[in-house]
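Keep in mind the model is a prediction, meaning the values are calculated, not measured.
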Protein chains: 2
Amino acid sequence: MSDPIEQVRKRLTEVGGRTAQDLGLGRIVGQILVHLYLTPTEASLEDIAKDLGLSKAAVSIAARQLESLGLLRRSWKSGDRKTYYRTADDIASALHQGLLMLVRNKMGMLATELQQAEAELSPKEAGAEAAFMLSRVKRARKLRDTAMSVLENPVVKLLTRVK
Amino acid sequence: MSDPIEQVRKRLTEVGGRTAQDLGLGRIVGQILVHLYLTPTEASLEDIAKDLGLSKAAVSIAARQLESLGLLRRSWKSGDRKTYYRTADDIASALHQGLLMLVRNKMGMLATELQQAEAELSPKEAGAEAAFMLSRVKRARKLRDTAMSVLENPVVKLLTRVK
DNA sequence: ATAAGCGTTTACAAAATTATTAACGCACAA
DNA sequence: TTGTGCGTTAATAATTTTGTAAACGCTTAT
């Protein structure tokens, strides 16, 4: 297995692991996705576990995550009890959608917190301290709104289409 | 200190901590930044540590990170040996630049890996396996290039300016 | 010169995350 | 039924990450 092809696959698989970890998705998720992306045939849970040197359990959990993100497809073969996995066909858009959703969620949380803070400061407190905090919160909200509007901007959405 | 103002500050500080952690910057970094952002006066290392219930050491390290990101400013008062901190004036653009830089770095790494893989597969290996991998790598590279071009697009840059 | 205060570093401890092993449950086959 | 193979789950082990306490070195004041 010191095949040059295997070497490339292994290296890219590691890259996938690191990348996924950066996104808070767990290293294994990325490893599996890249491994399957670079594999022409479908692979069973055990295949994947063996290829990546991981336990079936870990692969099972990660594969589930990947499927829920729309990045993996399960399939079955008649007369074979195993589940087989392959990457989704529209993997690019799934990736795009997934990341967008992730950011949107975070941004939503942020908006909620900032609005609540603003509401609690606005009417009641009148001291200089409160006035200062209110101005800061308002500025933060404007910043967030701008960032969000960029993501949702039709021009940007157009640009993100892969030809 | 069950002051409603303090409550708001504390809650937003926690939000900052979580957000920073999501970005892989460490919780404390976010806590400090928000805490100072919501504070009109400058604060010393010890002030910050006490307010947030952290050790001076932890604050020292995080503050350094924040300064290197251009998000914090140090200052000194004559006849006082302490270092004082306040958020940078252009905090919005610093944040923007910093995040952009982070993404750019990741994207750069990715590009390097993909190009290298492509080079190693292109000329030599001729099997069906290699051909498949090559096509996948090329597609991945195209995806990356598109994502990157969006970030660097002049229209997008314009949109991200906070009024 | 000596002492005292401050920020930083380092070595350690605590806590959270991650992955594994082993047990379980379910489906199909004999 | 009973046995076999598969995927999942739950408990444990290992690793990594995170934060602290204590020691250090530098600077300034006495």
| task | Please step through side chain to side chain donor-acceptor pair (under 3.5 Å) for the pair A:R161 and A:S93, ending with a clear verdict. | result | CA-CA 8 Å; A:R161 298 214 174 274; A:S93 86; over 6 Å; no
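- A straight line from CD1 of B:I32 to P of D:dG19 spans 10 Å, rounded to a whole angstrom.
- We find that B:E129 and A:R9 are joined by a salt bridge, their nearest charged nitrogen and carboxylate oxygen being less than 4.0 Å apart.
- Rounded to whole angstrom, the span from the CD atom of A:Q21 across to the P atom of C:dT17 amounts to 13 Å.
- Here B:R73 does not pair with B:E42 in a salt bridge; the nearest charged N to carboxylate O distance is not below 4.0 Å.
- Looking at B:R141 and B:E118, a side-chain N of the basic residue comes within less than 4.0 Å of a carboxylate O on the acidic one, giving a salt bridge.
- A salt bridge is defined here as a Lys NZ or Arg NE, NH1 or NH2 lying under 4.0 Å from an Asp or Glu carboxylate O, and A:E120 with B:R11 meets this definition.
- Neither OP1 nor OP2 of C:dT17 sits under 4.0 Å from any side-chain N or O of A:R27.
- In this structure, a donor-acceptor pair under 3.5 Å is absent between the side chains of A:D22 and A:T19.
- Taking all atoms of both residues into account, the shortest heavy-atom contact from A:T87 to A:L72 is CA-CD1, 4.1 Å.
- Atom CD1 of B:I28 and atom P of C:dA16 are 13 Å apart (whole Å).
- Using modelled atom types and a 3.5 Å distance limit, the side chains of A:Y85 and A:R74 yield a donor-acceptor pair.
- Rounded to whole Å, the distance from CG on B:L23 to C1' on D:dT17 is 17 Å.
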Would you tabulate the nitrogen or oxygen pairs shorter than 3.5 Å linking the protein to nucleotides 27-30 of chain D?
{"unit_1": "D:dT27", "atom_1": "O2", "unit_2": "B:R81", "atom_2": "NH1", "d": "3.2"}

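- Within residues 39-72 of chain B, the residues approaching DNA chain C are B:L45, B:K56, B:A57, B:S60, B:R64, by heavy-atom distance under 4.0 Å.
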